[in-house]
Amino acid sequence: MNSRALSDLGSDPSIADVKLFKDAMASFPSGVTIVTTVDDRGEWWGFTASSFCSVSMDPPLVLSCLAKTAQCHTAFEKASRWNVHIIHDQQQDIAGRFATRGADKFAGGAFQADRHGIPVLPDASVLLRCVAHAKSDGGDHTILIGRVEDTQLGPRVPTVYFRRAFHGFSDTFV
């Protein structure tokens, strides 16, 4: 097993240490979300996030992490609302597109505007409509914490991301 104490990394970790840390994080299976918003000009923005979790039940809070280098960062920095979509295995291509810099994220017409103009993926496994609760510095990411105003559950089982690949579940998990 390849190991090194994180405390040994200091403020200037080597490329090998960064790769090892990335490999370790990729070895933690996580759900896959697409987070969307709309800017004040009506332009749709979104990103794929596997850094997602619940924060609180009262009030209901969830968090996603967004790279500060993402093209949509400014839109989310200013956003007062966003939608979180937990995707299923038939939506892996959409998640890949939303994770690709410069891609036409909303190509294909799968999204529809909700009453706030924010893009919604209607057949997601889960849809969480959020109002901004907090935005915090998270190193090279911004931590977006949203207060969930509405939750919708779909019939499909979510997909997971593990070791840089999507993995679907069989219907035995339903």
Side-chain angles (χ1 to χ4, degrees), residues 3-87 94-103 105-106 111 114 116-121 124 126-151 158-164 166:
S3 66
R4 185 158 179 198
L6 289 177
S7 60
D8 293 342
L9 296 181
S11 62
D12 190 21
S14 73
I15 291 172
D17 294 332
V18 170
K19 183 185 179 321
L20 182 61
F21 180 68
K22 286 181 178 181
D23 289 346
M25 294 301 95
S27 295
F28 180 70
S30 63
V32 182
T33 65
I34 295 173
V35 186
T36 59
T37 196
V38 64
D39 66 18
D40 56 1
R41 296 180 323 268
E43 187 172 353
W44 287 1
W45 296 92
F47 65 98
T48 296
S50 57
S51 295
F52 169 81
C53 67
S54 63
V55 175
S56 169
M57 296 302 291
D58 186 17
L61 301 175
V62 294
L63 77 74
S64 293
C65 296
L66 173 60
K68 291 180 180 176
T69 57
Q71 292 172 310
C72 63
H73 188 267
T74 300
F76 279 91
E77 196 172 46
K78 295 176 181 177
S80 61
R81 298 180 164 277
W82 54 82
N83 292 331
V84 178
H85 310 82
I86 299 175
I87 67 155
I94 299 171
R97 191 167 60 239
F98 272 72
T100 303
R101 185 173 191 83
K105 311 251 193 256
F106 297 97
F111 288 82
D114 68 10
H116 300 288
I118 301 171
V120 171
L121 186 57
V126 176
L127 170 62
L128 304 169
R129 296 176 198 270
C130 300
V131 173
H133 179 79
K135 298 172 189 175
S136 301
D137 179 59
D140 59 0
H141 282 64
T142 295
I143 301 167
L144 304 171
I145 300 177
R147 181 174 44 84
V148 178
E149 284 193 323
D150 183 47
T151 302
T159 194
V160 296
Y161 194 70
F162 173 67
R163 293 196 173 158
R164 298 180 182 87
F166 296 110

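On a predicted model such as this, the values are computed, not experimentally measured, just so you know.
For the pair Leu63/Cys65, a side-chain contact is recorded, criterion being any heavy-atom separation below 4.5 Å from C-beta on. At least one side-chain heavy atom of Leu66 sits under 4.5 Å from a side-chain heavy atom of Cys72. Between Lys68 and Asp140 there is no side-chain heavy-atom pair separated by less than 4.5 Å. Contact annotation: the side chain of Arg129 approaches that of Asp114 to within less than 4.5 Å [non-hydrogen atoms, C-beta and beyond]. Side-chain contact between Leu128 and Asp150 is absent, with no heavy-atom pair separated by less than 4.5 Å. Between Asn83 and Pro119 the shortest side-chain heavy-atom distance does not fall below 4.5 Å.
For Ala132, the side chain to side chain contact (heavy atoms under 4.5 Å, CB included) partners at least two apart in sequence or on another chain are Trp82, Lys135. Looking at residues two or more places apart in sequence or on another chain, you find a side chain to side chain contact (heavy atoms under 4.5 Å, CB included) between Glu77 and His73.
When all heavy atoms are compared, the tightest approach of Ile94 to Leu121 is CD1-CD1, 4.1 Å. The two residues His133 and Arg147 come nearest to each other via the heavy atoms CB-N, 4.0 Å. Arg97 and Lys105 make their closest contact through NE-O, 3.1 Å (heavy atoms, listed as atom of the first residue, atom of the second, distance). Between Ile143 and Gly138, the closest heavy-atom pair is CD1-CA, 4.0 Å. Residues Thr48 and Ala99 come closest through the heavy atom pair OG1-N, 3.4 Å. Minimum interatomic distance between Val62 and Val55 (heavy atoms only, all atoms of both residues): C-CG2, 4.0 Å.
The side-chain contact (heavy atoms from CB on, under 4.5 Å) test with Ile86 is passed by exactly one of Val126, Leu127, Ile34: Val126. Residue Thr36 forms a side-chain contact (heavy atoms from CB on, under 4.5 Å) with just one option from Trp45, Phe111, Trp44, and that option is Phe111.
Counting only residues at least two apart or on different chains, no side chain to side chain donor-acceptor pair (under 3.5 Å) pair has a member in residues 49-66.
Remark: the backbone N or O of Val38 is not paired with any side-chain donor or acceptor of Arg81 at under 3.5 angstrom. A donor-acceptor pair is defined here as one N or O able to donate and one able to accept, closer than 3.5 Å; such a pair exists between the side chain of Thr33 and the backbone of Ala49.
Note: His141 NE2 to Ser136 OG = 14.0 Å, rounded to the nearest 0.5 Å.
In this structure, Phe98 has its ring center no closer than 6.0 Å to that of Phe47.
Counting heavy-atom neighbours within 6.0 Å of Lys19 NZ, excluding the residue itself, gives a total of 12 or less.
With salt bridges taken as basic N to acidic carboxylate O contacts below 4.0 Å, none links Asp39 and Lys78.
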